[in-house]
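Here is the structure we will look at, set down as structure tokens.
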Amino acid sequence: MTTIDPTNLKTTKEIGRPDILFCVAHLPDSTRLWAGSSDGKVYELDPMAEPNQLGELAGHQGFVTGVCLTDKHVVSGAYDGRLMWWDRDSREQVRSVEAHQKWIRGVVASPDSKLVASVADDMVCRLWNTDSGELVRELHGHQPNTPQNFPSMLYCCAFSSDGAQLATADKLGHVVVWEVASGNQLGTVDAPIMYTWDPKQRLHSIGGVRSVAFSPDGRLLALGGTGQINNIDHLEALARVEVFDWRKGERTHEFPGDEHKGLVERLAFDPEGKWLLAAGGDNGGFVKIFDVEASKIARQDKAPMHVHDFAASESWDSIYAVGHNKLVVWQFET
Amino acid sequence: MPTPPTTPQRTTPPHRDSGLSRRDALRAGLAGAAAFASNMTVLNVLRSPALAEELKRGRKRVILLWLAGGASQLETWDPKPGRATGGPYRAIPTAVPGIHISELLPKLAQRIGHTSIIRSLNTRNGDHGGASVLMHLGRRDEPSLKYPDLGAMLARELARADSAVPDYVSFYTATEGRGNAVGRSGFLGAQYAPMFLTTDSKPNNLALPEGVSDLDHAQRGELRKLLSERFAQGRTSSTLASHNEAYARVRGLMASERLFDISDEPQSIRDMYGPTLFGEQTLIARRLIEAGTPFVKVSRAWWDSHGQNFETHLELATELDHVMSGLLDDLEQRGLLENTLVITLSEFGRTPAINPSLGRDHFASAWSATLSGCGVHGGSVYGKSDDDGQRVVDGEIGAAELFATIFQAVGIDHQKQYYVGSRPIPMTDPGTQPVNEVLA
Amino acid sequence: MPPATAIARRLLLFGLSAVATCATLPAWSAAAARGEDLLPAETPVHEAIDRYIEQRLSTSDVTPAPPADDANLLRRTMLDLVGRPPTAGEVKAYVASTDSDKRTQLVERLMASPAFVRHQTEELNALLMDGVRGDVREYLSTALRDGYGWNRIFRDLLLSGNDQDVERSAGQFLRSRADDLDKLANDASVIFFGVNVSCARCHDHPLVPEWTQEHFYGMKSFFSRTYENGDFVGERDYGFVSYKTVSGQSRDARLMFLTGAVADEPPVPEPSEEEQKQEKKQLEELKKNKQPPPPPAFSRRAQLVEVALRPGENRYFSRAIVNQMFARFLGRGLIEPLDQMHPENLPSHPELLDWLARDFVDHGYDLQRLMRGILLSRAYARSSRWDEEGSQPSRSLFAVGIVRPLTPRQYAMTLRLASTSPDQFPADISPEDLDRRMEGIENSARGLSDLFERPDRGFQVSVSEALVLSNDDRTERELLRDSGDSLLGKLKTIEDPSELIETAVWNVFGRPPSPDEVQVLTEYLAARQDRPAEARRDLIWALLASSECRFNY
């Protein structure tokens, strides 16, 4: 039972790092974390321990952008297009798969741990058997190029809490909801405001849906990104969240932001679906908590760094956030 | 009292100036053909054996791909994979063993045999305006002397006298940074000013005005000429002569309007350049140089990725890879590559350090440019930056050396002098050496 | 570069130039250098000009071109004084006049007109503000209207930051350059002293032994304490310029003027860090409240003004403007280039330059007097056609008129007037109404003038200009429209081809057509009887776009 009080979000631990951490996975009932780094490694960390770095899994090239835990393994994906399975205890690499021809942007495990989903800039989402590492299914639903003929990106994906659906989201703001079992498209939503194409000043684009999350009851789908940007050299628009009743294809909430600029890199509903937590950043960082029912901001604050990912403990008493040169622990005091 | 030098006027009436005045002959005799003083207004230079070289040189062309805003050397020509400053992209091998470039440029990697990569530029100016000026002029600007830019100098040296095609065409159709683009002919005069395309890929005023038939247009031009020639009788003035020279070029330039229209290119050729504006303009550049334009600059703005550097380069470097590969292939297939120099250049590079918006900022201490084609030692790398790309450790050069190398690649003596009044202005600052390792 | 090489390079360049000199030094130059034998001060300006020029013509055994005819001279004079060519009616009236004094009266009349102030404001503004943002037109308007001497204008422009009484707009001269003191120093030096020392920044001038780094940094020193603070320009009490010589020695620059005269200044200690912080805070406050900073106790810029105008030191100042005016109206200065007035660069007519400079100073630096003198000389009035056998004589003899490109405003005005119906300027129109009408056209021609480049030395017309006139919509719209007040509209009402041709040529060229022109134009119209409207339009176009309109000849 969670009784989080969003007005009482506190940073209880702040650990500086020389690298950028792009993703984090948390082992339930512990303070152990695995985080993917800009240096190509996955670090096993315990923010409560001294020293906090317990070990490292080396093998990837380029930014490690996705990491998840299965029954026994850590699965990581990186810009090298590979998915790697690691034995959690021995830290040995047990499998390396050439999962995508292009850069992997996200890796998530299904709630029952049987599947791993990976998304990459080849614009395909692939589902893998967690135990065998075999490809189970490919989901093709995103255009490889933008309407302006530039290569697009497939930024993120998320399972519904019952594992029956999977959402994938791309640079153009196009989101597809899939039926996991069949691979059929169940619906789509679009948040085109989150994609800026500048036809006049700089002639390229920025933005995209960078985070996606289902509400616990599976009805709502939250998308995170940024607003329309004038000067696309910078992340100068306000951080933006839109929520949809995805089956109806209707937008239920729009949070265009009033403070804090940058990208919403990660979204999560609390287990009861009352609150929506968003974190991200530009040159700085932010964390926001939305009251879902009241459809307004409950609290927003600067974060100690540009947050790329966070993982919540099951009861949501601790949130482990990672990002630019930092790992922090947030706690809600009840 | 010492005998004063006479200050030669820049505007010598054509009928008096035979291209080699006594002064010029003296200078040539004293300092060799290389010091042949070029009088700015003399175009018909068919009077000296030293000029056979100039004629041969006249076949050379240059295309500058101006990557405005500062392209990242780390995401293009000088990757540092595995380093804290390296970013997410890997390095890939190229067709030449030992040379690796960013994985964002796979097509160019295969074609590296045409290209010399320079990794050791240190130009000390990280400001868009000042750095653009520096990389356009090849030297620092001066308050009271209007230096010509690279395009004007190359047009001056490579153009034919009565050319029906423009000498210097410059594309800059994005709005960002256009003011830094400084296309200017300076003391070389209006003749070498660029045809500057900013709103369109086609120049203004090449089409017939509304309501005027082609016949009437031509014939009223003839009438104008007749009246003007009558006026010019007994009046000797090079500025007066330039008026009629300018009009004499109008019809020819109008005919060159078709060069800006790619719709008659086969789709297979258009596909080589791709569907983007940069691709189209680069294809136009090929058409122009094929028709005899000596210098075309195609600007691709705007690389200034202070935030989201890797996303931006994913788009722009991928585009560059396709467009430039298409250009090199197209030039090669047409037998033009051996006489065409293709340059990639920005005003500076980008910081090895990655900021929290995942951007890179301005950086002029160790960055890259490339030369491909004519006169270039292809498949080579010149200069080195350190392991993190923070500074140059070998072969450091600046704008002057780069310009000297460009000039030499197309057969121009980089120390050739222009004169403004009595002041000698060599094409590159005195003492500059070209980078011989880059030259074929 | 090591000193030995630098010296060798200097000698090489110097020696080369010496060897290459074609003319030997005339005897009169030596005399001029000694300041001897100038014509008496009472000599009228125009007479002095002609005597010296004709003296040299005679020693060179060159017969000058005859005077330009009345129509030609009227056009030239009006373009130079009021920025526009004459209407056909004005030409006819002037040509018809038998008054022996008509030329002098013309110049007086034009110089007394409001259009004179407008045009000279533009010309002086271009001299002072070319290449920088903003303008000093408002100030110049007042200065020209009230006949300020050039010395007063100089003082006002350089000291407007310190002197609260000087009109605000004068301050733009400093304001637009205050963020680049090198540029400020060099611009001031070029504009007011005819000296460009910028290459002496890094080494002594290669050709002029007298111009050293010390001279460049001396000039710079006069401006080195100048700074901008919001909308105002201030000047500090402290600060020195230092520089490195070619041999690497560090030197503090003295307040040295181009003549070598060094200005005294009271010693001022460098303020402490605390004092500088206080000053910074105070300036922030003033900036916020849009207040000027306090003037310094000792102003280096004021020192420059004082030194530059001091008897014995003022030859740069007086000769520079004389030379510029001469170049503007005659197409060539007495010293060329205009920014190389250094001891090694001798004038074509040294005594004339000295005489004019002396006259200028003795009469309170009176610009109008100088202009009047030049415009009334025979040298100014020469035809620009050289119909003799053999090649044209050197320009430095002023034997024949030099063809000069029109400024953008002159050209736009010429084109607009040429394409306006002559009925807009009836013979009985009052001078006030005419001026009002002309001012209206000047204003509406501004957009057209933006299409043309300001001509600099050795100006070459660009092909873009030819394309604009040949093909741009604007040309069709502004110059070739068919309306009641346009030339095209007027020609439509004329049946007889020869009358049509007369009217057109008079309107555009301000003279009657020659017989061969009549023939050519008649044939042109005759061949297009199936499209008379287009034929008329294209005839006008050919006249407008011809060289005769483009130049001041």
Side-chain angles (χ1 to χ4, degrees), chain A residues 18-20 22 37-40 60-65 78-81 102-105 121 145-146 148-153 155 171 197-208 226 229 231-236 261-263 265 281-285 305-308 323-326, chain B residues 68-70 79 81-92 102-104 106 128 172-178 199 274-281 299-319 321-322 353-362:
Chain A
D19 58 357
I20 310 167
F22 287 100
S37 167
S38 54
D39 68 12
H60 281 297
Q61 288 183 305
F63 293 172
V64 178
T65 49
Y79 264 66
D80 58 10
K102 285 208 180 164
W103 310 290
I104 292 175
R105 299 285 191 163
D121 288 352
N145 289 324
T146 67
Q148 294 82 24
N149 295 303
F150 286 89
S152 190
M153 299 103 181
Y155 278 117
K171 176 77 173 279
W197 160 256
D198 174 356
K200 191 167 122 113
Q201 299 174 96
R202 295 169 175 83
L203 280 98
H204 67 93
S205 66
I206 197 171
T226 189
I229 296 180
N231 177 351
I232 60 173
D233 292 340
H234 302 273
L235 290 171
E236 63 169 29
K261 298 189 178 144
L263 297 166
E265 306 268 23
D282 54 355
N283 267 353
M305 75 289 187
H306 181 133
V307 177
H308 284 287
H324 201 87
N325 302 148
K326 281 208 175 119
Chain B
R83 304 293 301 187
T85 55
Y89 299 116
R90 289 158 292 167
I92 51 171
S102 171
E103 65 168 315
L104 293 177
H128 287 299
Y172 203 119
T173 37
T175 57
E176 194 60 28
R178 190 192 291 160
T199 48
T276 65
L277 188 63
F278 180 44
E280 289 180 356
Q281 290 174 349
S299 309
R300 204 328 175 179
W302 180 248
W303 292 73
D304 195 26
S305 45
H306 289 286
Q308 301 288 285
N309 173 75
F310 308 111
E311 309 304 296
T312 297
H313 280 75
L314 203 172
E315 289 188 297
L316 298 184
T318 304
E319 185 194 37
D321 188 48
H322 186 80
I354 300 167
N355 68 38
S357 291
L358 293 184
R360 296 193 195 268
D361 303 304
H362 304 172

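In what follows, chains are A, B, ... by sequence order, proteins preceding strands, each numbered from 1.
The parts of Asn149(A) that come within reach of chain B are both its backbone and its side chain, each placing non-hydrogen atoms under 4.5 angstrom from that chain. Residue Gln308(B) touches chain A through its side chain alone, counting heavy-atom pairs closer than 4.5 Å. Interface remark: Arg83(B) contributes no atoms to any contact with chain A (heavy atom separation under 4.5 Å). Only the side chain of Asp121(A) comes within less than 4.5 Å of a heavy atom in chain B; its backbone stays farther off. Of the two parts of Thr276(B), only the side chain, counted from C-beta on, holds a non-hydrogen atom closer than 4.5 Å to a non-hydrogen atom of chain A. Heavy atoms of Ile354(B) lying under 4.5 Å from chain A belong to its backbone as well as its side chain. Using a 4.5 Å cut-off between heavy atoms, Leu314(B) touches chain A through backbone and side chain atoms alike. Neither the backbone nor the side chain of Phe278(B) comes within less than 4.5 Å of any heavy atom in chain A. For chain B, the nearby parts of Ser205(A) are the backbone and the side chain; heavy atoms of each come within less than 4.5 Å.
Looking only at atom types and distance, the side chain of Tyr155(A) has a donor-acceptor partner in the side chain of Glu311(B) under 3.5 Å away. A donor-acceptor contact closer than 3.5 angstrom links the side chains of Gln281(B) and Thr173(B). Looking only at atom types and distance, the side chain of Ser38(A) has no donor-acceptor partner in the side chain of Asp19(A) under 3.5 Å away. The closest side-chain donor-acceptor pair between His362(B) and Asp304(B) falls under 3.5 angstrom. A donor-acceptor pair shorter than 3.5 Å cannot be found between the side chains of Thr175(B) and Gln201(A). Counting only N and O atoms by type, the side chains of Glu176(B) and Trp303(B) include no donor and acceptor under 3.5 Å apart.
Ionic pairing of Lys261(A) and Glu236(A) is not present here: no N-O contact between side-chain nitrogen and carboxylate oxygen is shorter than 4.0 angstrom. Under 4.0 Å is where a charged nitrogen must lie from a carboxylate oxygen, and between Arg202(A) and Asp233(A) at least one such pair does.
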Going through the checks in order, is the side chain to side chain donor-acceptor pair (under 3.5 Å) test met by Asn145(A) and Ser152(A)?
CA-CA 5 Å; Asn145(A) 289 324; Ser152(A) 190; over 6 Å; no

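When each of Gly82(B), Gly87(B), Gly177(B), Gly86(B) is checked for heavy-atom pairs under 4.5 Å with chain A, Gly87(B) comes out on top. Note: Pro88(B) leads Ala84(B), Gly307(B), Pro88(B) in heavy-atom pairs under 4.5 Å with chain A. Of the listed residues (Asn355(B), Asn309(B), Thr318(B)), the one with the most heavy-atom contacts under 4.5 Å to chain A is Asn355(B). Counting heavy-atom pairs closer than 4.5 Å to chain B, the top-ranked of the candidates His234(A), Met305(A), Gln148(A) is His234(A).
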